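Working notes for the structure below.
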Amino acid sequence: MKGTMTRSITVALAGNPNAGKTTLFNAITGARQHVGNWPGVTVEKKEGVLHHGDLDVHVVDLPGTYSLTAYSVEEIIARNFIVDSVPDIVVDVVDASNLERNLYLAVQLLEMGVKVVMALNMIDVAEGRRIKIDQTTLSQLLQIPVISTNGKKRIGIDGLMDAAVATAESPQPAVIRRAFYYGTEVEEELSLIEEGLVKSGVTQESQSARWLAVKLLEGDEEIHKKIAEVSGRDGIFEQVDHSRRHLTDIFADPPEIIFTDARYGFIAGAIKQSVTTEPTDRVHLSETIDKVLTNRLIGPVILLVVLYGLYTFTFQGSEPLVKYFEAFFKWLGAAVTDIVPPGIVQSLVVSGIIDGVGGVLGFTPLIAFMFLAIAILEDTGYMARVAFMLDRVLRGFGLHGASLLALMVSGGLAGGCAVPGIMATRTLKEPKERLATILVAPLMNCGAKLPVYALLIGAFFPGQKAPMMFLLTLISWSMALTAGKIIRSTVLGGPSAPFVLELPPYRVPTVRGLLIHTWERTWMYVKKAGTVILAVSILIWAMMTFPALPEEKVKAFTDRDENLTGAFLGNPEAGAFFKSEKDLESFEKFRAKAPTASKQALEKKNSNFVALWRTLEELDKQEQDPGITITHSNLLDLAKAYDDYSKAKGVIAVELRTARLKNTIGGRVGVALEWVFKPIGFDWRTNVALVGGFAAKEVVVSTLGTAYSLGEIDPNESLSLAERLKGEPDWNPLMAFTLILFVMMYAPCFVTLVVIKRESGKWRWAIFAAVYTTVLAYCVALVVHSVGSFLELGTS
Amino acid sequence: MSPQISSQKCLDCPARTDEQCLADRTVKLSNYKPGQKGRIFQVCGDPDFRLRMMEMGFIRGTEVKVVKYAPLSDPMEFVIKGYHVSLRKDQAGDILMNEPEMAA
């Protein structure tokens, strides 16, 4: 708590999409931002605080909108924030090179009666196009301060904040604006409605009464609902209905059209007085670029190349970092094993928490690289061209150009998330296309599936990471589109919705903007891993640990183990080398650590141990390459005997591990499901992982990790999960590929199902989504597994 | 879709055949070729669509230029009020234009 109260004001940042609002927001708030969601929806809400003079300025970035009609959820959010939270000032970010359309939002803001300061952004682009804007005249016409800014170069930021604070602090209220005079007939009806609003006590303030009257006359459903919530206002709605009919009769157009026309009329006048455009023959660079990038023949080819490049960048670019992260968690697990005594706590921390969370967090660099690549596509403006080029295709499958963005967010470029993707469908007004998009979005390759793919591709298709990811993207898209087509021609038949897509000029993104974008999304991924995944990892660990195998059954294994050790030590040569069982144990420990130990450390150790270990290493190499000669031949017989002993011991360990797992709750579920999944080649361990994946897809990796590392005889063994799976006899490339496809398509995680329910309003759509995807996954897996087994593809 | 249904849906804008447009000397925007430009005569279609189009600047008398067609001939790209926007062909068919003049 501070001693003196710091006064604070709230600034809302409004503006069209592509007007450079985010860049300006970044320039204003710097790194002091907080990203969350607007209540009830997953539209991003960005906030930041800065100190201006003795004031705390709280900046809220409203969603980018073209208008404040309740057309999309973004428009409703922006409007409700202004109406309900009453910011002290609204900064309207305007693209100076595209002033006319941008002023439409400005006019709507002014109509709302809020204090507005205009940021005339991207003035350099306008100047490049020989557009000259007379700021003074524009400011006089609109009766608000107009400040030119350049978010990218951070020019005019201080001036903008000065003006915003000064206007917010000024005792003068926002100008009561009758400047938008809609003509005698309209004004008459407006004042009748205003009168009703004031009389019935909905509002006392004339400015807000005027705005509400305009909105009601426009037939705005949101405002209608809000006023209807206050009971006994029926008289108002009768008046509104009467006025709408009356005006429609006179103008042969509904009032909303008349208002829009009038606003653009006012804007046209303002433009005429304040803007001069020199005619120029120069073709803009952006258009020249576009001629190539969206060219009928070259465009689609470039699109494929860009997507392919994206995977190469993401997977190969992040590879070294991913290796560092994996090595860190491996080291952490080993370190904890050394410190914490063996037992339930060690098992919880190492197998439950570190293996589980580490398996997911290890992929953080990959996720970050993917987000960076997507941010580049978005910020340069190429993403809109992708929608432009592919709309015809999407429409053919009963979807919408805007579906593309939702599918992209869901993981169209691999690495998204179906939850925000499904939320993004709110821009789709047509309910059928929206629902179809919601239902197919979970088929995309979301970020949670990537760790599964990366694990299996890394283990079984090591040389083909990029082509495999490319193939998986194609498969996921074709599945989603086919499902979309089927859904839209059966459960959801009907015509298509309008498609209005702005193609903004190509821009060079700012490094700062890209990094902020990437960081925010990556951080959300990490947070998810830190919370949901942690809880699920512990739950799954418990499922895979309890109940423990009964003592007498464990004893059968330990007896076998002891007999084996006894027999080995009974061998005279071994008996001479290892004086006791303890000696043997300490050699085992030494052997586990030797490969990573330094030369000096080795020299300090028991020289007999070092010699035996070296012989064993050579023996190992000889197995793979018979040409190698063994130098420590005096220990050769002992080494061979030890090797046999060690391998036999390993077999017992695996059998014990299997018995233990099968006995647990998880194991029992997996076994119970075996008859279902046997035809597609999954064993009970995979089944457990798939059940866990219902909580969150990345849990498939952590569960497999847990399944294959639990009960391990030597926890210091430094095999990664990928290496371990490769060593399992049941696993082959076909099995890996079948599992990848199954994970891609089967039931969305429960978070997604909850969102589907919320967005579609009905549980039956969520259930439908879970059932149809699982059936689809099973059928595809069955076909791949059967055909693959028959042709013996990838079975060795 | 029959003309009667459309005229009920859209008060001032009966669905027009190409022949009718010819009689009015109006052309559907979807019939413009890349490089052609002209002024909007009227925006048709259902009220939601009309409002959306008008908010994006598709107002009577505004100049629209066809930049190009997408690789699959649909959607189309236009320049209007200094910005680029893309519409599907069937939507562009709801926008009636005066006869085109070739861009300089």
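Per chain, numbering begins at 1; letters A, B, ... match sequence-line order. Remember, predicted model here, so these are calculated numbers, not experimental data.
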Problem set entry | Choice from B/L87, B/I80, B/V79 maximising heavy atom contacts with chain A below 4.5 Å |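 Most pairs with chain A among the choices: B/L87.
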
Problem set entry | Pair A/E185-A/H246, side-chain donor/acceptor within less than 3.5 Å |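 No, no side-chain donor-acceptor contact under 3.5 Å.
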
Proximal component of [X], with respect to chain A [non-hydrogen, under 4.5 Å]:
{"X": "B/S73", "answer": "both"}
{"X": "B/M53", "answer": "side chain"}
{"X": "B/I59", "answer": "side chain"}
{"X": "B/F78", "answer": "neither"}

For this session: Would you mind reporting whether B/P100 and B/V27 have side-chain heavy atoms less than 4.5 Å apart?
Result: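 The answer is yes; the side chains approach within 4.5 Å.
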
Exercise. Does A/D253 reach the side chain of B/R50, with side-chain heavy atoms less than 4.5 Å apart?
Worked result: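 They are in contact (side-chain heavy atoms under 4.5 Å apart), so the answer is yes.
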
Please look at [X] and chain B and tell me whether the side chain, the backbone, both or neither of the residue comes under 4.5 angstrom of a heavy atom of that chain.
{"X": "A/Q108", "result": "side chain"}
{"X": "A/D290", "result": "both"}
{"X": "A/Y264", "result": "side chain"}

Exercise. What residues form a salt bridge (Lys or Arg N to Asp or Glu O under 4.0 Å) with B/R52, not counting sequence neighbours?
Worked result: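 If we apply the salt bridge (Lys or Arg N to Asp or Glu O under 4.0 Å) test to B/R52, skipping adjacent residues, the hits are A/E75, B/E55.
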
For this session: Using the test side-chain hydrogen bond (donor to acceptor under 3.5 Å, both in side chains), find all partners of A/E378 that sit at least two apart in sequence or belong to another chain.
Result: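 Testing A/E378 for side-chain hydrogen bond (donor to acceptor under 3.5 Å, both in side chains), a comparison that skips the adjacent residues, returns A/R521.
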
Exercise. Taking the six-membered ring of A/Y182 as reference, does the NZ or CZ atom of A/R263 fall below 6.0 Å from its centre and within a 45° cone about the axis?
Worked result: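 No, cation not above the ring by the 6.0 Å, 45° rule.
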
